[in-house]
Amino acid sequence: MLDKRYYLSKMSIFDVLTPDDLDELDHISPMTHFDTVPKGTIIQKPETAQDGLYFIKEGKVRLYKITPEGKQFTVVILGKGNVFGEIDTFSFGTNGYYIETMDETLICSVPKLKFEEFLAGRPLLAMKMLSELSMVLKDKDEMLEKLALGDVRERILHLLFKLSERFGVEDEGNIRIDVPITHQDIANMIGATREAVSVILKTLEKNHIIQTGRKSISISPLKVAEILELTYS
């Protein structure tokens, strides 16, 4: 059986808890899956959302909507240590979305009432939760703005930049996105066609803004930030 307490202790959101706190949280947080959830599994639909918080122990998920035309667009991508779900104290605004695993993912859930009781006596954890909530809302707002106002090229660059911030590793001066990602995956995430994405990625590579491999993409963060008029440090 997987050691739940070990996973909880490795999550940055819980680094303000004492060993006794972790033991108590372990007892109130049932493991949703003892095996990893396969990539591409839809773990929530808008009509199946339930109250409670869900902590990502391993893997990545994306939250997306489907337009009336049937196109998907991703509003936020969450990875190890991130939280989604709804309780009275904290609403991550995730109940109206599809949630799909981007790779093999391990999640634990915490019942609404028990976690609110646990949180009430731990103000430092509440502050960490507020910080996490702010991050999720900021990412959602930025992505929705790009989807509403940006052209396909800007949407692609914004998505790749966000992925590089969250899941990037240094790679010979560039940042390699440590997520297996295809042209179709990108198309699904930004509400575009695979053909349009492929054309734009080819142009970006020709201009040395990105480098592509088999299901991998590296970006020049300085060049992408300059195009998007963002600050990069």
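When atom types are taken as modelled, the side chain of Thr203 and the backbone of Val199 share a donor-acceptor pair closer than 3.5 angstrom. No donor-acceptor distance shorter than 3.5 angstrom exists from the side chain of Thr41 to the backbone of Thr101, with no hydrogens or angles considered. Thr36 contributes no side-chain N or O that, together with a main-chain N or O of Leu106, makes up a donor-acceptor pair within less than 3.5 Å. Side-chain atoms of Arg176 do not come within 3.5 Å of backbone N or O of Asp171 as any donor-acceptor pair. Listed for the Asn207 side chain is no donor-acceptor partner under 3.5 Å among the backbone atoms of Ile209. Remark: side-chain polar atoms of Ser220 are not paired, donor with acceptor, to backbone N or O of Asn174 under 3.5 angstrom. Gln211 places no side-chain N or O within donor-acceptor distance of the main-chain N or O of Ile219, the cut-off being under 3.5 Å. Between the side chain of Ser164 and the main chain of Gly168, no donor-acceptor pair closer than 3.5 Å is present. Formation of a donor-acceptor pair under 3.5 Å by the Lys60 side chain with backbone atoms of Lys80 is not found in this model.
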Worked verdict on Ile66 versus Tyr64 for side-chain contact (heavy atoms from CB on, under 4.5 Å): CA-CA 7 Å; Ile66 297 180; Tyr64 69 91; 3.9 Å; yes
Run the side-chain contact (heavy atoms from CB on, under 4.5 Å) check on Leu25 and Phe115 step by step: do they pass?
-> CA-CA 8 Å; Leu25 182 59; Phe115 188 75; 4.1 Å; yes
Worksheet item: Can you list the steps and then say if Arg166 with Ile77 is a side-chain contact (heavy atoms from CB on, under 4.5 Å)?
Response: CA-CA 9 Å; Arg166 301 288 298 282; Ile77 294 170; 5.7 Å; no
Worksheet entry | Verdict with reasoning, Gln184 to Thr182, per side chain to side chain donor-acceptor pair (under 3.5 Å) | CA-CA 5 Å; Gln184 186 62 59; Thr182 66; over 6 Å; no
Determine, step by step, whether Leu53 and Phe55 satisfy the side-chain contact (heavy atoms from CB on, under 4.5 Å) criterion, reporting the C-alpha distance in whole Å, the side-chain angles of both residues, the deciding distance to 0.1 Å, and the verdict. CA-CA 7 Å; Leu53 291 181; Phe55 298 91; 4.1 Å; yes
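Scanning both residues, Pro46 and Gly96, for their nearest heavy atoms gives CG-O, 3.6 Å. In this structure, Phe161 and Ala225 approach most closely via the heavy-atom pair CE1-CB, 4.0 Å. Between Thr94 and Gln44, the closest heavy-atom pair is O-NE2, 2.8 Å. The shortest heavy-atom contact between Asp103 and Gly59 is OD1-CA, 3.3 Å. Between His183 and Val197, the shortest heavy-atom contact is O-CG1, 3.8 Å.
Note on Met127 and Leu119: same hydrophobic cluster, where clusters join Ile, Leu, Val, Met, Phe, Trp and Tyr whose side-chain heavy atoms are under 4.5 Å apart, directly or indirectly. Tyr54 and Leu113 are members of different hydrophobic clusters when ILVMFWY side chains are connected at heavy-atom separations under 4.5 Å. Residues Val169 and Leu163 do not share a hydrophobic cluster, clusters being chains of Ile/Leu/Val/Met/Phe/Trp/Tyr side chains in contact below 4.5 Å. A continuous path of Ile, Leu, Val, Met, Phe, Trp and Tyr side chains, each step under 4.5 Å between heavy atoms, connects Leu160 with Leu228, placing both in one hydrophobic cluster.
Surrounding CD of Glu205 are more than 12 heavy atoms belonging to other residues, nucleotides or ligands, all under 6.0 Å away.
Within the 4.5 Å cutoff, no side-chain heavy atoms of Ile99 are placed close to those of Ile42. Within the 4.5 Å cutoff, the side chain of Tyr98 has no heavy atoms near those of the Leu63 side chain. Annotation: side chain of Ile217 is in contact with side chain of Ile186 (closest heavy-atom distance under 4.5 Å). Looking only at side-chain heavy atoms (C-beta outward), Asp21 and Asp23 stay at 4.5 Å or farther from each other. Residues Phe167 and Ile181 are not in side-chain contact: their nearest non-hydrogen atoms beyond the backbone lie 4.5 Å or more apart. With contacts defined as side-chain heavy-atom distances shorter than 4.5 Å, the pair Ile175/Glu170 qualifies. Between Leu204 and Leu157, the closest side-chain pair of non-hydrogen atoms falls below 4.5 Å.
Remark: Lys65 is not positioned above the aromatic ring of Phe73, lacking an NZ or CZ atom under 6.0 angstrom from the ring centre and at most 45 degrees off the axis.
A salt bridge between Glu24 and Lys114 is absent, with no side-chain N of the basic residue lying under 4.0 Å from a carboxylate O of the acidic one. Glu104 and Lys39 are not joined by a salt bridge, as no carboxylate oxygen comes within less than 4.0 angstrom of a charged side-chain nitrogen. The pair Glu165-Lys162 meets the salt-bridge criterion, with a side-chain N (NZ, NE, NH1 or NH2) lying under 4.0 Å from an Asp/Glu carboxylate O.
Remark: of the listed residues Glu100, Met102, Met189, Met189 is the sole one forming a side-chain contact (heavy atoms from CB on, under 4.5 Å) with Thr74.
Between the CG atom in Leu124 and the CG atom in Leu17 there is a gap of 9.0 Å [rounded to 0.5 Å]. Of the inter-residue distances, the one linking Glu117 atom CD with Arg122 atom CZ reads 11.0 Å to the nearest 0.5 angstrom. Between the CG atom of Asp151 and the CD atom of Glu154 there is a distance of 4.5 Å, given to the nearest 0.5 Å.
A donor atom on one side chain and an acceptor atom on the other are not found under 3.5 Å apart for Asn188 and Arg194.
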